[in-house]
Structure formats: structure tokens, C-alpha cells
Peer 1: 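To start, I am sharing the structure in question, which I have written as C-alpha cells.
No hydrogens, no waters, no symmetry mates; every other heavy atom, side chains included, goes into these values. Chain letters run A, B, ... following the sequence lines, proteins first and then strands; every chain starts at 1. Quick caveat, the model's predicted, so the values are computed rather than measured.
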There are 2 protein chains.
Amino acid sequence: MDGVTPTKRPRKPRADSVRNHDRVLEAARTVFAEGGPAASLEGVARQAGVGIGTLYRHFPTRQALFEAVYRHEVDQLVELAERLATDDLPPVEALRRWMRANVEFVATKKGMSAALAVAVHASSDLTAYSIDRLGRALGTLLARAVKAGAIRDDIGAEDILRTVVGLCYMHDKPGWQDKVRRLLDVFVDGMRRGSKAGALPRTPPG
Amino acid sequence: MDGVTPTKRPRKPRADSVRNHDRVLEAARTVFAEGGPAASLEGVARQAGVGIGTLYRHFPTRQALFEAVYRHEVDQLVELAERLATDDLPPVEALRRWMRANVEFVATKKGMSAALAVAVHASSDLTAYSIDRLGRALGTLLARAVKAGAIRDDIGAEDILRTVVGLCYMHDKPGWQDKVRRLLDVFVDGMRRGSKAGALPRTPPG
DNA sequence: GGAATATACGGAGGCAGCCTCCGCTTTGCA
DNA sequence: TGCAAAGCGGAGGCTGCCTCCGTATATTCC
């Protein structure tokens, strides 16, 4: 408003605050993985060794806590995709491998899946964030395969992402990973150039 | 045990009991569709116009109520599949149509999807029941297409079911149905004879 | 039609989890 | 070392879960 607003440098965050934030996040991952999306938040606080008030200060809603956990997972997936993109494999193979690796990744967090399923439907912000990040990572692999003329160009990264995750959600018997990988192979074959499906509209931006 | 156990004919069920059972079921469908799987059961009772005690007598657990609603939906899907099997279309087309019709069906209950996602992971009994029923219905369509030599014979009805449902779960933006239908077309193309994917192990019985 | 009785109703009540609020403690900064 | 900003944590009000049992009502038998 007036000429010179005194720029108050904000304090650096308190050490205990940072520590508690991390503790709660870690505890939440464990508790949700075991107890599903309806697990007790007071249980999370207990597990983290903090008061319930502290939990709520850091994550004002259950949804916020979900999202924090989820985002962390997404970041790991992106990293994975980037690593895969630097290898030089035939483009379709690189693509197929990422999809398969993705399945394995989900496997290690299988307990979270119900929670994630709920999150997907509950928060479009969250899905937007993760689809954006993962979509970019996958997009690189996809573009190479398309450019090489190996697969059709009318299927977006988002389409593939949703397919992979959807298939993972639907399986949890022992051996499900193998089953999902093989179904993904069927899908990839359907994506090859020369397939007969009708045109798939490109995913609109945003 | 002894010679002639006096066969006490059981009373016919009370009219009010039957009425309340139906009311609760109906209310549950609505409430879960709107509020998701964690919606208040007392809310369901209120909506149904019965006491909470009555709700619990008919459906002793939240899970039981879920399942009752879910089974009703499954029955409708089976009926739909049977109707489709009697039409005489080219087998692959019949198959594709059922998968597409399925998407439409889910669409009308979209609100339930989070609840169903939870149910899928919560109760293997329930998934067993529905996969069995739907699998038989779809199996007929599938067998015809395989017999005609149009598609590979190593993909089970259960695989297809899970794929369809998994894709539906993952989409809820406006226009999602069209997107899912097109992704299913890609999948069907991958199933055609002459595709290059590795062998998919037949789904073991049970 | 009316009594007898099996059956169902429904809400009070104990318990657990949700979330807010605020007095007390700890930390960063000068 | 002193002090204010920042954070801590649990008491407390509220809602929902589920059980239990006194009351109400439908069915059956006469």
C-alpha cells in the first residue's frame, strides 16, 4: 500500500514442526496401507507419536493427508519413468517396459489401493496433478514410439496411464501382476499401427 | 433325530418387515451413490424412514448392505448380457457390444463407483459371486468369437470383465464413456487373432 | 372377530473417532 | 539471555457406530 512495505523476512520453520510433519506423513502411509482409506486419524497421530491437534495443523483434512501421501508416490513414479527414458531401447519396448514397471511399483503399495481409488474420485485436483506429472514422463516414451511409426498416434499418455492403473485396481489375487502385465501386452498390441479400431480422439489439454 | 419331527411350518414373513427391507435397500443405493462408501448408515435409516435398529437387523454390517446393493446391480448386468447373446451378430461384434453396453450401465450408477472400488477390495466373496455370474454370461459371447476363429483363445471372461470395470473406475470427466469405449476397442483389436503378445495363461477355475 | 404369541420396530446409550479451540511449551532471533 | 512468534497437544462438543430390550404389531388359531 504505502511506499516502502518493510519486508519482514519470515522465520525459518521450526525444527520440531518439520520433524512432526515428516513423522505424520510416514505414519499415515503405514496406517492407510494397512487399514484402508477409513483408518483412524487418531491412530495415525498415535503411531506418529504426536497429538491429534498437531496432525490437524499440518494436514487440515483427511483428504489433505491422503494427497500428501499420494503425491510422494507419484514423484517416485516420475523418477522411474525418467530413468527408463534415458535407456536406449526400441521405442515400443521402452513404452511397454514402463507400463510393466508401473505395475510392479503399484504392487509394493497394494494396501494403499483402496485409498487411492477413493482419492481418484474424491479430488480432481490431485488426479490433475498426478496425470500431469506422469503424463509428461510417459509422453516422452510415447512420442518416440509414434515418431518411429510403430504405433498409432491417436492415443494419449493419459489414456495409457488410466488403463494401467485401472487394471491394477482390479486385481489382487496372488499372481495378479503377471496377469496385468499380459493384459497390458494385449493392449499394446492393439495400439500397433494397422489395428482396426475407430479413431480415438486426442486427449484435450487441461 | 426321532421318527417324526413335528414339522412346524414357519410363519410367513411379516409384511412390514419385507417393506422395510426394500425401503432400506433403496435408500442405501441413493445414499451411497451420493455420499460414497463412508456415508452415514443413520442417514440411510433416516432416508428410509425406519429406525437405526431396523436397518441393522436387516443388514448386520455396512458390508452386508453394500453387498446387497451390489448384487442387485450384478443381476441386472447378467440379464443384459443374456439378452445380447440371443441376438445374432458377428461374434466379435456381439462381444464388443456387451463390453460397450457395460460401460453405459456403469455410467448410470457412477456415484457408486467409489463404493464399489472399496467393495472389490474388501470382500472376495462378493467379487467371486459377481465374477462368476457375469463371467458365465460373458463366457457365451466369448466362446462364440473364439470358435469362429476371430480372436485368440487365451483370454478369459474374467480378464475382460476386470479390464472393462477397471477402465470405468478410472474415468469420470464428462465424456468419459466415449473414451472408455474407444479404449476397449483398442483392447479388442489386441485380442484379434494374429496379435503378437505372449501367451496369456488361461484363468484357472475358482 | 378376538386372543395368543412370534416377530419386528426403534431409539436410548455406551463407545470411538472427527475436528476445534486455546492455554502452555518450545524455538528462533537479536 | 529475553521475548515474541510458532507450534504443541489434549479436553470437549459432536456425530456416527452398533447393541440391547421394552413396546408395538402382524399372523395364526380358535
Peer 1: For DNA chain C, find the residues of residues 55-62 of chain A with a heavy-atom distance under 4.0 Å and give them by number; none if there aren't any.
Peer 2: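 Heavy-atom cutoff 4.0 Å gives A:Tyr56, A:Arg62.
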Peer 1: Of all the heavy-atom pairs spanning A:Ala68 and A:Leu25, show the shortest one and how long it is.
Peer 2: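 Residues A:Ala68 and A:Leu25, closest heavy atoms: CB-CD1, 3.5 Å.
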Peer 1: So, using side chain to side chain contact (heavy atoms under 4.5 Å, CB included) as the criterion, who are the partners of B:Asp22 when residues are at least two apart?
Peer 2: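 With neighbours one apart ignored, the set is B:Val18.
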Peer 1: Can you find a side chain N or O atom of B:Thr54 that sits less than 4.0 Å from OP1 or OP2 on C:dA8?
Peer 2: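 No, because none of the side-chain N or O atoms of B:Thr54 sits under 4.0 Å from OP1 or OP2 of C:dA8.
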Peer 1: What is the distance, rounded to the nearest whole Å, between atom CZ of B:Arg19 and atom C1' of D:dA26?
Peer 2: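 Rounding to the nearest Å, CZ of B:Arg19 and C1' of D:dA26 are 11 Å apart.
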Peer 1: Starting at atom NZ of A:Lys12, determine the distance to atom P of D:dA5, rounded to an integer number of angstrom.
Peer 2: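 Taking NZ of A:Lys12 and P of D:dA5, I get 19 Å after rounding.
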Peer 1: Mind listing the residues from residues 41-52 of chain A sitting with a heavy atom below 4.0 Å of DNA chain D? Number order is fine.
Peer 2: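 Contacting residues: A:Val50, A:Gly51, A:Ile52.
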Peer 1: Which residues pass the side chain to side chain contact (heavy atoms under 4.5 Å, CB included) test with B:Ala48, sequence neighbours left out?
Peer 2: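 With sequence neighbours excluded, B:Ala48 shows a side chain to side chain contact (heavy atoms under 4.5 Å, CB included) to B:Arg23, B:Val24, B:Ala27, B:Val50, given in chain and number order.
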Peer 1: Looking at residues at least two apart in the chain, or sitting in another chain, which of them share a salt bridge (Lys or Arg N to Asp or Glu O under 4.0 Å) with A:Arg46?
Peer 2: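 None.
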Peer 1: Going by the rule side chain to side chain contact (heavy atoms under 4.5 Å, CB included), which residues pair with A:Ala38 if we only count those two or more places apart in sequence or in a different chain?
Peer 2: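 Partners of A:Ala38 by the side chain to side chain contact (heavy atoms under 4.5 Å, CB included) criterion come out as none, since no residue qualifies.
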Peer 1: Is the shortest side-chain N to carboxylate O distance from A:Arg181 to A:Asp185 below 4.0 Å?
Peer 2: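 A salt bridge is absent here (no side-chain N lies under 4.0 Å from a carboxylate O).
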Peer 1: Salt bridge (Lys or Arg N to Asp or Glu O under 4.0 Å) between B:Arg192 and B:Asp189: does it pass, once the steps are laid out?
Peer 2: CA-CA 5 Å; B:Arg192 284 179 192 281; B:Asp189 283 336; 3.1 Å; yes
Peer 1: In terms of the nearest nucleotide of DNA chain D, which residue is placed more toward the 5' end: A:Val18 or B:Asp16?
Peer 2: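 Counting from the 5' end, the first nearest nucleotide belongs to A:Val18.
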Peer 1: Quick check on DNA chain C: between A:Gly53 and A:Ala39, whose nearest nucleotide comes earlier from the 5' end?
Peer 2: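 The residue closer to the strand's 5' end, by nearest nucleotide, is A:Ala39.
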Peer 1: Between B:Val180 and B:Leu167, what is the shortest heavy-atom contact and its length?
Peer 2: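 Heavy atoms of B:Val180 and B:Leu167 come nearest at CG2-O, 3.8 Å.
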Peer 1: At less than 4.0 Å, is any side-chain N or O atom of A:Ser40 found next to OP1 or OP2 of C:dC18? Yes or no.
Peer 2: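 Affirmative; the distance criterion is met.
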Peer 1: What heavy-atom pair brings B:Val146 and B:Arg152 nearest, and what distance separates the two atoms?
Peer 2: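 Taking every non-hydrogen atom into account, CG2-O, 3.7 Å.
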Peer 1: Looking at D:dC8, I'd like to know if its phosphate oxygens (OP1 or OP2) sit under 4.0 Å from a side-chain N or O belonging to A:Asn20.
Peer 2: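 For D:dC8, OP1 or OP2 has a side-chain N or O of A:Asn20 closer than 4.0 Å.
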Peer 1: Residues two or more places apart in sequence or in another chain: which of them pass side chain to side chain contact (heavy atoms under 4.5 Å, CB included) with B:Ala64?
Peer 2: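 By the side chain to side chain contact (heavy atoms under 4.5 Å, CB included) rule, B:Ala64 matches B:Phe59, B:Pro60, B:Thr61.
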Peer 1: Between B:Arg23 (CZ) and C:dC9 (P), how many Å, whole number?
Peer 2: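 For the pair B:Arg23 CZ and C:dC9 P, the rounded distance is 10 Å.
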Peer 1: Taking only residues two or more places apart in sequence or in another chain, which ones pass side chain to side chain donor-acceptor pair (under 3.5 Å) with B:Glu26?
Peer 2: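 Result, side chain to side chain donor-acceptor pair (under 3.5 Å) vs B:Glu26: B:Arg29.
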Peer 1: What pairs of nitrogen or oxygen atoms, one from the protein and one from nucleotides 23-25 of chain C, lie under 3.5 Å apart?
Peer 2:
none

